[in-house]
Peer 1: 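The structure's right below; bear with me while I get my questions together.
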There are 4 protein chains.
Amino acid sequence: MRKKPTRAAVAKAASNEPAPGEAVTAPASSRATRAAKRRAAIVEAAMEEFIARGFAATRLDDIAKRAGVAKGTIYLHFKDKESMFEELVRIVIVPVVARLTALPPPTGSVRDLIEGIAGHFLKEMIGTRRGDLVRLIVAEGPRFPSVADFYYREVVSRGLASMRALIELGIARGEIHQNSLARYPQILIAPAMIAVIWQSLFARHAPLDAQDMLRVHLDLIFGERRTT
Amino acid sequence: MRKKPTRAAVAKAASNEPAPGEAVTAPASSRATRAAKRRAAIVEAAMEEFIARGFAATRLDDIAKRAGVAKGTIYLHFKDKESMFEELVRIVIVPVVARLTALPPPTGSVRDLIEGIAGHFLKEMIGTRRGDLVRLIVAEGPRFPSVADFYYREVVSRGLASMRALIELGIARGEIHQNSLARYPQILIAPAMIAVIWQSLFARHAPLDAQDMLRVHLDLIFGERRTT
Amino acid sequence: MRKKPTRAAVAKAASNEPAPGEAVTAPASSRATRAAKRRAAIVEAAMEEFIARGFAATRLDDIAKRAGVAKGTIYLHFKDKESMFEELVRIVIVPVVARLTALPPPTGSVRDLIEGIAGHFLKEMIGTRRGDLVRLIVAEGPRFPSVADFYYREVVSRGLASMRALIELGIARGEIHQNSLARYPQILIAPAMIAVIWQSLFARHAPLDAQDMLRVHLDLIFGERRTT
Amino acid sequence: MRKKPTRAAVAKAASNEPAPGEAVTAPASSRATRAAKRRAAIVEAAMEEFIARGFAATRLDDIAKRAGVAKGTIYLHFKDKESMFEELVRIVIVPVVARLTALPPPTGSVRDLIEGIAGHFLKEMIGTRRGDLVRLIVAEGPRFPSVADFYYREVVSRGLASMRALIELGIARGEIHQNSLARYPQILIAPAMIAVIWQSLFARHAPLDAQDMLRVHLDLIFGERRTT
DNA sequence: GATGAATGAGAATTCATTCAT
DNA sequence: CATGAATGAATTCTCATTCAT
């Protein structure tokens with residue numbers, strides 16, 4: 001799931017105790033921390049570049065420049081461009097997964113729950129790095145099956161499972177009347193996905209109020225709200 | 001100092017013999033016809049390659065090989081790789097636009113109308129070149145604004161306008177009860193789009209019955225059908 | 001996925017062993033020194049090739065081969081072929097300019113002065129790289145206005161100014177009787193230029209004794225020497 | 001001396017009598033004439049292009065376009081680019097040679113004679129195609145020995161012989177006092193050559209009054225004119 | 001560990017030349 | 001004869017990857 005942690009990374013973790021008798025000014029972390037920071041900088045920079053240009057058109061040179069490291073340094077952290085890309089997606093997606101798993105405090109109506117989750121999701125996605133990441137995966141998926149696989153396994157299937165659970169809860173509570181919806185939790189997600197893609201492609205032609213669209217869509221599922 | 005009969009040339013020479021017994025009226029292919037065929041072959045090949053690899057990773061060499069022409073021939077038809085890509089999208093999209101415009105024979109219920117259209121759309125899109133084209137545009141759009149623009153202008157805006165018209169008709173006829181839906185025809189389209197993208201990314205993990213999902217989604221909008 | 005020790009790299013590694021018994025003080029060539037040597041090698045090689053074939057017909061590949069570096073290395077030093085050519089001319093011309101500026105120790109007769117200068121000039125130019133450079137500039141000047149400009153500014157205008165000064169000195173001292181000559185210092189130079197061009201074009205048909213021709217020309221200006 | 005006249009040219013000259021009984025509206029010339037015109041157009045166009053861009057950088061496509069013929073037509077008249085260039089120079093130079101040979105109507109003083117000839121030469125050369133041709137030969141000579149050879153044989157050696165004859169006449173008549181000048185007729189020509197080259201390289205920096213410079217130079221040889 | 005100069009395979013593009021029409 | 005579409009060798013330039021310092 002996580003890839004082989006790179007020779008270098010391992011070495012880093014293992015060795016590099018300050019030589020005995022050497023001044024240990026910067027407490028403990030020193031080397032290891034700096035390395036970690038570098039790695040983070042590379043990941044961050046790479047993500048920006050990959051999103052902006054796609055895999056093939058991204059130059060390691062630019063990543064290095066943006067990350068403030070030398071080109072060679074990248075190879076201390078990643079085997080090559082391809083595995084960098086694959087690891088990258090993993091690294092960036094993990095926190096998303098965490099949030100997905102740390103599900104909802106099941107209070108209030110199912111609609112409010114979903115509206116809250118989806119609203120939050122949209123806020124995080126629209127016009128954000130994260131939203132672009134989705135587009136990146138759509139774009140490069142076919143050439144990086146392992147990325148598509150990972151994304152499906154970690155994000156899509158889990159997300160859909162959560163949605164399905166919520167839908168079933170809604171049905172059980174009588175909030176949702178259409179039983180068959182549980183078969184296609186994708187329908188619940190679809191407008192949000194569309195909104196994300198819309199932003200990066202057509203925002204300048206026709207801005208889209210994703211939150212409002214979400215509400216309309218939920219009205220479809222839960223029935224229109226009484227504005228009372 | 002150059003030249004040699006070339007596999008392609010040979011093949012062409014061979015294939016152009018009219019089948020025995022066939023009328024030899026038109027002196028085989030006129031020069032213009034030949035050129036047109038070549039061009040079509042290039043377009044076809046290029047589309048395959050671009051879809052399979054994305055813009056940057058596609059080699060003109062491969063396009064040429066697949067189209068059965070020499071590399072240089074491509075440059076007789078297209079200025080360079082970029083404009084080839086841009087023109088390509090236009091060329092392939094135009095027939096789609098035509099079909100969009102030649103819209104509905106307004107018979108029967110709005111639901112049947114939409115189900116017919118969307119069903120046809122899905123059948124044409126899923127697992128087809130055309131579906132992949134959508135993914136390609138999503139993937140390359142940000143780096144080819146002119147492509148995104150064109151697609152928005154010719155396909156998206158028109159398609160949405162049609163959908164909006166249908167929704168309004170549905171509302172007027174009392175088939176659709178949620179007026180606000182007319183504000184977001186995207187919602188009508190969303191599941192179909194999702195299905196298209198799903199196919200090219202996740203089909204092997206979890207096949208998706210797009211037609212069935214469409215029905216469920218329409219049930220959401222029009223109310224569930226009595227199975228009577 | 002790349003690499004291989006490369007003839008050049010091997011050669012370099014071999015040649016850099018300090019000769020046995022040689023002082024090994026300076027740790028061979030520092031990185032900077034190496035780079036400078038490489039650059040010099042490229043400049044040298046490029047000059048040879050450009051002179052031999054002209055700008056358009058020169059292949060970067062050949063320059064690289066002759067310089068003993070990889071093709072890509074050239075691009076670490078020069079933006080592209082054109083700017084390489086332009087910089088090259090500058091680089092090669094600068095020392096010439098220096099010598100032009102470090103004028104003459106004004107001893108003896110003006111004629112002797114000029115004969116000394118021009119003789120030296122001819123010795124340096126005829127059958128030398130430097131002479132060919134002049135031809136190269138004549139050849140490529142129209143397509144490289146910046147080169148022609150540079151050459152005019154740095155060499156031609158300065159050279160003519162020096163000549164004019166000498167002519168005026170000659171007039172003042174009564175060695176030159178034709179005042180109008182100061183208007184056209186080009187006349188002083190002309191035979192030398194002709195000689196330079198002659199060498200590279202017609203030497204094998206009819207060798208030209210440039211030094212002797214120069215003497216005859218100076219006789220024209222200063223009056224024939226008494227052979228006493 | 002002249003190259004093989006090209007299969008096509010020969011054929012053209014030989015055959016193409018109008019078919020008997022055919023209307024001979026456009027008298028005699030018809031085919032042959034048109035071909036000759038074409039050829040002339042190609043020569044003219046090629047000369048323009050070669051002068052403007054040099055041999056290597058000139059595209060046959062551009063020559064064809066400028067000449068108003070198809071690219072293939074060029075190959076009916078010339079074997080390939082190289083021999084086209086070589087023949088071209090010959091073709092353009094021949095009339096020059098003719099004029100050189102049809103030399104002097106030996107009237108008046110030698111100085112007037114030379115001033116007339118050189119003046120005419122300058123008028124024809126400066127800022128003209130013909131002047132640029134000289135530069136072209138200087139530029140491409142080393143890569144086209146046959147061109148340099150031809151030019152030397154037909155133009156340079158003859159021109160110098162003429163000059164030498166004139167100088168000797170001048171010496172015999174007492175107009176020229178420096179006997180050694182006859183050894184280097186190049187000196188007589190040098191300023192004119194310089195002027196020609198100057199025009200195409202430095203004219204925009206510093207215009208040069210070639211005729212005036214010529215006069216000053218002749219004053220050097222013949223003594224200053226009394227303005228009486 | 002870091003660096004970045006060097007490498008050279010690879011890709012886009014050009015253009016002289018051919019040849020079917 | 002003329003044409004110009006087609007060819008593909010040749011050339012420039014890029015960039016992932018390596019490795020000496």
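Just the heavy atoms: all of them, side chains too, but no hydrogens, waters or symmetry mates, feed the values below. Quick note on labels: first sequence line is chain A, next is B, and so on, each numbered from 1.
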Peer 1: Identify the stems formed by DNA chain E, where each pair is Watson-Crick or G-U wobble with both distances under 3.5 angstrom and a stem is at least 3 consecutive pairs.
Peer 2: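 In DNA chain E, stems of three or more pairs: E:2-21 with F:2-21.
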
Peer 1: How many whole angstroms separate atom NZ of A:K81 from atom P of F:dT18?
Peer 2: 15 Å

Peer 1: Can you list the residues that meet the ring-ring contact (aromatic ring centres under 6.0 Å, His included) rule with C:F78, with sequence neighbours excluded?
Peer 2: none

Peer 1: To the nearest Å, how far apart are B:Y75 OH and E:dA16 P?
Peer 2: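 Nearest whole value for this atom pair: 17 Å.
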
Peer 1: F:dT12 P sits how many Å from C:M84 CE, rounded?
Peer 2: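 Atom CE in C:M84 sits about 9 Å away from atom P in F:dT12.
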
Peer 1: Check whether any side-chain heavy atom of B:E140 lies under 4.5 Å from a side-chain heavy atom of B:V147, and answer yes or no.
Peer 2: no

Peer 1: Which ones in residues 51-63 of chain C lie close to DNA chain F, meaning a heavy atom under 4.0 Å from one of its atoms?
Peer 2: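 Only C:T58, C:R59, C:L60 qualify.
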
Peer 1: Measuring from the side chain of A:D80 (C-beta onward, heavy atoms only), which nucleotide among E:dT3, F:dA2, F:dT17 has the closest atom?
Peer 2: F:dT17

Peer 1: Does B:A35 have any side chain to side chain contact (heavy atoms under 4.5 Å, CB included) partners at least two apart in sequence or in another chain, and if so, which?
Peer 2: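 By the side chain to side chain contact (heavy atoms under 4.5 Å, CB included) rule, B:A35 matches no residue at all.
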
Peer 1: Distance check needed: E:dG10 C1' versus B:K65 NZ, whole Å only.
Peer 2: 12 Å

Peer 1: Verify the contact: side-chain N or O of B:R34 to OP1 or OP2 of F:dA6, cut-off strictly under 4.0 Å; return yes or no.
Peer 2: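 It does not, given that no N or O in the side chain of B:R34 lies less than 4.0 Å from OP1 or OP2 of F:dA6.
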
Peer 1: Within the modelled atom types, does a donor on one side and an acceptor on the other bring the side chain of A:K71 and the base of F:dT17 under 3.5 Å apart?
Peer 2: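 Yes, a donor-acceptor pair under 3.5 Å.
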
Peer 1: Rounded to whole Å, how long is the line connecting atom NE2 of B:H77 with atom C1' of F:dT7?
Peer 2: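 Nearest whole value for this atom pair: 12 Å.
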
Peer 1: Without decimals, in angstroms, what is the distance between B:F78 CZ and F:dA6 P?
Peer 2: 12 Å

Peer 1: Can you measure A:L76 atom CG to F:dT18 atom P for me and round it to whole angstrom units?
Peer 2: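 Going from A:L76 (CG) to F:dT18 (P), I get 12 Å.
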
Peer 1: Between E:dA5 atom P and C:R38 atom CZ, what is the distance in whole Å?
Peer 2: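 Nearest whole value for this atom pair: 12 Å.
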
Peer 1: Which residues pass the side chain to side chain contact (heavy atoms under 4.5 Å, CB included) test with C:E44, sequence neighbours left out?
Peer 2: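 C:E48.
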
Peer 1: Under the rule for salt bridge (charged side-chain N to carboxylate O under 4.0 Å, His left out), what residues qualify as partners of B:D61, not counting sequence neighbours?
Peer 2: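 If we apply the salt bridge (charged side-chain N to carboxylate O under 4.0 Å, His left out) test to B:D61, skipping adjacent residues, there are no hits.
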
Peer 1: Need to verify one output field. Residue with the more 5' nearest nucleotide on DNA chain F, D:G68 or C:G72?
Peer 2: D:G68

Peer 1: Show me the pairs that pass salt bridge (charged side-chain N to carboxylate O under 4.0 Å, His left out) and involve residues 71-92 of chain B, at least two apart or across chains.
Peer 2: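 Every salt bridge (charged side-chain N to carboxylate O under 4.0 Å, His left out) pair that includes a residue of residues 71-92 of chain B, provided the two are not neighbours, is B:R39-B:E87.
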
Peer 1: Suppose we screen for salt bridge (charged side-chain N to carboxylate O under 4.0 Å, His left out). Which residues come up paired with A:R38, at least two apart in sequence or across chains?
Peer 2: none

Peer 1: Could you list the residues that satisfy ring-ring contact (aromatic ring centres under 6.0 Å, His included) with C:Y75, not counting sequence neighbours?
Peer 2: none

Peer 1: Could you check if a side-chain atom of A:R66 sits within less than 4.5 angstrom of a side-chain atom of A:I42, using non-hydrogen atoms only?
Peer 2: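 The answer is no; the side chains never approach within 4.5 Å.
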
